[in-house]
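Comments concern the structure below.
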Amino acid sequence: MPEPMATLSGLRPDRFDRDGRDQLIDVRDLQAALPGLRRLRHWAHEALAVRPGESAVDIGSGSGSEVMTLADAVGSTGTAIGVEPDPSLLTTAQRRAAAAGSGARFVPGDAYNLPLGTGDFDVALCERVFQHLTSPNRATAEIARVLKPGGRVVVMDSDWGTAIVHPGDRTVVHSVIETLIANTTNPFAGRRLPGLLTEAGLVIDEVGSHALVQDRSVGAGALVGRVSAMAVARGSITEQQRQTLLDELDGGAQTGDIHLSVTMFAVLAHKAS
């Protein structure tokens with residue numbers, strides 16, 4: 001899959017939800033999690049088992065890599081569409097698809113109002129969108145609407161309540177993680193996916209997960225740096241505690257005693273016939 005992490009680069013809250021307040025989750029902070037994300041995406045495509053001639057949609061398609069993968073699977077007799085609200089990402093996706101000779105198509109739209117017909121799609125994919133939504137139930141209702149009877153969907157998202165930061169004083173680490181959670185629109189999106197899809201009338205078939213682990217060489221990383229600064233600003237920790245945490249993480253990177261991760265969940269479901 002070409003550039004599989006590109007779907008969230010340059011992320012802005014209005015990509016998904018104008019009320020979304022999180023600017024924290026930037027793909028560049030998790031570049032070392034790339035192998036884990038690749039494995040989870042591989043699971044998603046295997047679970048969806050897209051066939052030639054089918055119709056498939058990627059909701060929040062970013063720069064288009066997954067839509068092109070779907071286009072390869074459906075072939076010349078099928079349809080693969082990416083829905084993306086960010087005009088610059090749409091332009092990038094269209095340019096990349098044209099350069100690759102892909103049959104992937106891209107349309108503007110968001111998770112709340114998919115510009116697609118009711119019951120038109122065999123397959124839907126939605127990755128790392130729900131953590132940015134204030135009304136995720138509206139998005140699952142839209143997914144259910146556009147699927148054909150028997151249609152399949154995989155929804156994937158992180159759950160920031162599973163974040164691990166080691167080493168560091170546990171009280172300080174807890175404050176930093178709580179700051180991240182407080183500044184993410186839908187921080188527990190991963191654990192909520194099965195319930196949301198069930199509420200929308202879909203049938204859960206399987207739940208998968210994978211810990212996205214930051215490479216130790218990154219040390220504290222940009223995300224921990226930004227969130228810990230926010231924790232200082234909100235009075236949760238002191239500047240000295242922040243600096244100590246960052247120093248301990250950088251030291252852990254040198255000795256190998258470091259672990260930063262978050263768990264991403266993926267849910268396979270279908271629409272009853």
Under the side-chain hydrogen bond (donor to acceptor under 3.5 Å, both in side chains) test, residues paired with R191 that sit two or more places apart: D159

Test side chain to side chain contact (heavy atoms under 4.5 Å, CB included) applied to L40 - qualifying residues, sequence neighbours left out: M156, H210, M264, A266

Exam field: side chain E46 to backbone W43, donor-acceptor pair closer than 3.5 Å: no

Pairwise side-chain contact, W160 with I177, heavy-atom cut-off 4.5 Å (strictly under): no

Pairing residues for S175 by the side chain to side chain contact (heavy atoms under 4.5 Å, CB included) criterion, not counting sequence neighbours: S236, I237

Side-chain (R96) to main-chain (S63) donor-acceptor, under 3.5 angstrom: yes

Donor-acceptor contact below 3.5 Å, side chain Y112 vs main chain S135: yes

Residues D250 and Q254: side-chain donor-acceptor under 3.5 angstrom: no

Short side-chain to backbone donor-acceptor contact, E84 and D58, under 3.5 Å: no

Linked hydrophobic residues, V203 as query - side chain contacts closer than 4.5 Å: none

Which residues share a side chain to side chain contact (heavy atoms under 4.5 Å, CB included) with A73, sequence neighbours left out: V50

S61 side chain to G64 backbone, donor-acceptor under 3.5 Å: no

Minimum side-chain heavy-atom gap V155-L193 below 4.5 Å: yes

Residues that N137 engages under side-chain hydrogen bond (donor to acceptor under 3.5 Å, both in side chains), provided they are two or more places apart: none

Atom of L116, atom of V57 and distance for their closest heavy-atom approach: CD1-CG2, 3.7 Å

Lys/Arg N to Asp/Glu carboxylate O, R128 vs D157, below 4.0 Å: no

side-chain hydrogen bond (donor to acceptor under 3.5 Å, both in side chains) involving R192 - partner list, sequence neighbours excluded: N186

Qualifying side-chain hydrogen bond (donor to acceptor under 3.5 Å, both in side chains) pairs with a residue from residues 261-273, counting only residues at least two apart or across chains: D205-H270, H259-S261

Shared-cluster residues of L90, by chain and number - hydrophobic side chains joined below 4.5 Å: V67, F106

Closest heavy-atom pair and its distance - A104, A71: N-CB, 3.7 Å

Distance-minimising heavy-atom pair for T77 and P52: OG1-C, 4.1 Å

From CA spacing to verdict: side-chain hydrogen bond (donor to acceptor under 3.5 Å, both in side chains), T255, D257: CA-CA 6 Å; T255 64; D257 182 24; 5.2 Å; no

Residues which pass salt bridge (charged side-chain N to carboxylate O under 4.0 Å, His left out) with E239, listed by chain and number, not counting sequence neighbours: R242

Inter-residue atom distance L196.CG - E199.CD, 0.5 Å rounding: 6.5 Å

Minimum heavy-atom distance G168-L245, with the two atoms named: CA-CD1, 3.8 Å

Verdict with supporting geometry, E248 and T244, side-chain hydrogen bond (donor to acceptor under 3.5 Å, both in side chains): CA-CA 6 Å; E248 289 177 343; T244 298; over 6 Å; no

Between CG on residue L197 and CD1 on residue I143, distance to nearest 0.5 Å: 6.5 Å

Stepwise side-chain contact (heavy atoms from CB on, under 4.5 Å) test for T140 and F130: CA-CA 9 Å; T140 48; F130 276 67; 3.5 Å; yes

Distance, nearest 0.5 Å, that separates CZ of R38 from CG of L212: 13.0 Å

Short side-chain to backbone donor-acceptor contact, R216 and I258, under 3.5 Å: no

R145 side chain reached by L114 side chain, heavy atoms, under 4.5 Å: yes

Rounded distance [0.5 Å steps], OG1 in T69 versus CG in L48: 11.5 Å

Contacts of N113 that satisfy side chain to side chain contact (heavy atoms under 4.5 Å, CB included) - sequence neighbours left out: D110, R138

Results of side-chain hydrogen bond (donor to acceptor under 3.5 Å, both in side chains) for R51 - residues two or more places apart only: E54

Under 3.5 Å donor-acceptor, S55 side chain and D122 backbone: yes

